[in-house]
Amino acid sequence: MRFYSTNNRKLRSPLQHAVLKGLAEDGGLFIPEKIPQLSAEFFTSSMSLSFQEISFETLRPYFEDDIPVDILQEIIKGAFNFDAPLVRVDDKIYGLELFHGPTLAFKDFGARFMARVMSYLIRNSDDELTVLVATSGDTGSAVANGFLGVEGIKVVILYPSGKVSEIQEKQLTTMGNNITALEIKGVFDDCQKLVKAAFVDKELSQQMQLTSANSINIARLLPQSCYYMYAYAQLKDKEVVFSVPSGNFGNLTAGLIAKKMGLPVRMFVAATNINDSVPRYLESGRFEPHPSHQTISNAMDVGNPSNFSRMLELYNNDIDAMRKDVHGVHFTDKQTRDIIKQVHQQYNYILDPHGAVGYLGVKNLEAKSPNNRNGIFLETAHPAKFLDIVQPLISEEIKIPARLQQCLDKKKQSIVLSNKFEELKSFLLS
Ligand SMILES: *Cc1c(COP(=O)(O)O)cnc(C)c1O
């Protein structure tokens, strides 16, 4: 399988190039040259397969030309070594819990799979690969954790000093091994600028193999299709709606790909906080990105979602076709807080602020076109990650999962640097 750029269908690249570069030369995002169809039989027999088996069938057509199938199987086993259970919350509403991985957020699926694919693709290279990531909080820990202990790869995370939550900082700075955390005296934008400067620096690119492993990497996107398939297999019922709490829309795009592969999905809800560029596009037909606004579902504070170009490509720029599959809606922080409270009182289920937006999405669609369908919202993070927001809303004490507690008990290890590029450069060269 080859991958083309969303800016140019003629520019096709093999897997190795698409994964190690991340972004196409013309600035576009890579997308598979065709979306393979899974057999109707798969969707009936998949009911009895395990999550790893379903994932293998889902990913195989994209990777089998470049990665031997037995190795692909090993990669999936290693990456998806935790469950994605479908939990009933309300009569017809289910949460697909995607937070059972090491960093308690759904980004573990993509990051862990991508890390293992990269490690395989560089197996014959003598140079160590250095992954540079700037993070405002969650992405950094999922990416770093994905690469933890992966041979031939070193990870350097840049995060803004004093600008991430205590839990996030602990997650970033306690991994050790092949992961180094750089605490930058500045804001997130400084971290991002430093990373960008490193990628265009001639001397650095001669001396070392640098890659970004950022969220738009195709090897992070595709594995996210697997849990949609698995949710369907767990539900054992035909009519399903998925509500996806969205920021950069990678998660939703992976769902759309699963549908194109044959998964019988009635409708997707693109549920956002007040950063609502995509819901507004679906309503008005105009895409008008804006600077992001801060909210309590902060992993979705994105004004210019990077995967929007992939969504357009999947629908051939046909907005009416997209509207048939995707319903857009946004919610305020107040609505989000209220629903966390209400769902806990009524159903004894603790939503995190992102999953809460997803839950509201299911309810919104149900109110617009009532027909008694199963609604699945993606619960993208464990509520303990957002303790300061969720705990005051509910009476019950939120239990901190052991894997999070473990890292909270460890000692922070970081290297403090200024926001000057020369300092980063000499660190990387040393
Ligand atoms: C990243 C993230 C999202 C948004 O996912 P996208 O793929 O960027 O739309 C939602 N919830 C949580 C907890 C996240 O970390």
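Ligands are counted one by one from 1 in listed order, and the atoms in each one are counted from 1 as well. This is a predicted model, so every value here is computed, not measured.
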- Message: Is it the case that ligand 1 has an N or O less than 3.5 angstrom from some N or O of G250?
- Response: yes
- Message: Whether the Y4 and E313 side chains hold a donor-acceptor pair (N or O, under 3.5 Å, no angle test) is what I'd like checked.
- Response: yes
- Side-chain H-bond candidate by donor/acceptor type, H293 with N273, under 3.5 Å: no
- Query: Purely on distance, is any nitrogen or oxygen of S246 under 3.5 Å from one on ligand 1?
  - Reply: no
- Short list, please: which atoms of ligand 1 are under 4.0 Å from a heavy atom of M300? 10 (C)
- Message: Going by the rule salt bridge (charged side-chain N to carboxylate O under 4.0 Å, His left out), which residues pair with E97 if we only count those two or more places apart in sequence or in a different chain?
- Response: none
- Task: Output yes when D189 and K193 qualify as a salt bridge under the 4.0 Å nitrogen-oxygen rule, no when they do not.
- Result: no
- E283 atom CD: more than 12 heavy-atom contacts under 6.0 Å: no
- Task: Provide, to 0.1 Å, the distance between atom 7 (O) of ligand 1 and the closest protein heavy atom, together with that atom's residue and name.
- Result: N251 N, 2.9 Å
- Residue A381 vicinity, atoms of ligand 1 by number, heavy atom under 4.0 Å: 13 (C)
- Message: Students should be able to answer this: which protein heavy-atom is nearest to atom 11 (N) of ligand 1, and at what distance?
- Response: T380 OG1, 2.8 Å
- Message: Closer than 4.0 Å to some heavy atom of H354 - which atoms of ligand 1 meet that?
- Response: 11 (N), 12 (C), 13 (C)
- Residue, atom name and distance, where the atom is the protein heavy atom closest to atom 2 (C) of ligand 1: K107 NZ, 2.4 Å
- Does a donor on one side chain sit under 3.5 Å from an acceptor on the other, for D26 and S5? yes
- Message: Looking only at side-chain N and O atoms, does Q294 offer a donor or acceptor that is under 3.5 Å from a partner on N298?
- Response: no
- Query: Of F99, F249, F106, which has the heavy atom at the shortest distance from atom 5 (O) of ligand 1?
  - Reply: F106
- Item | Check: N248 N/O within less than 3.5 Å of ligand 1 N/O | yes
- So which heavy atom in the protein is nearest atom 4 (C) of ligand 1, and how far is it from that ligand atom? G247 N, 3.6 Å
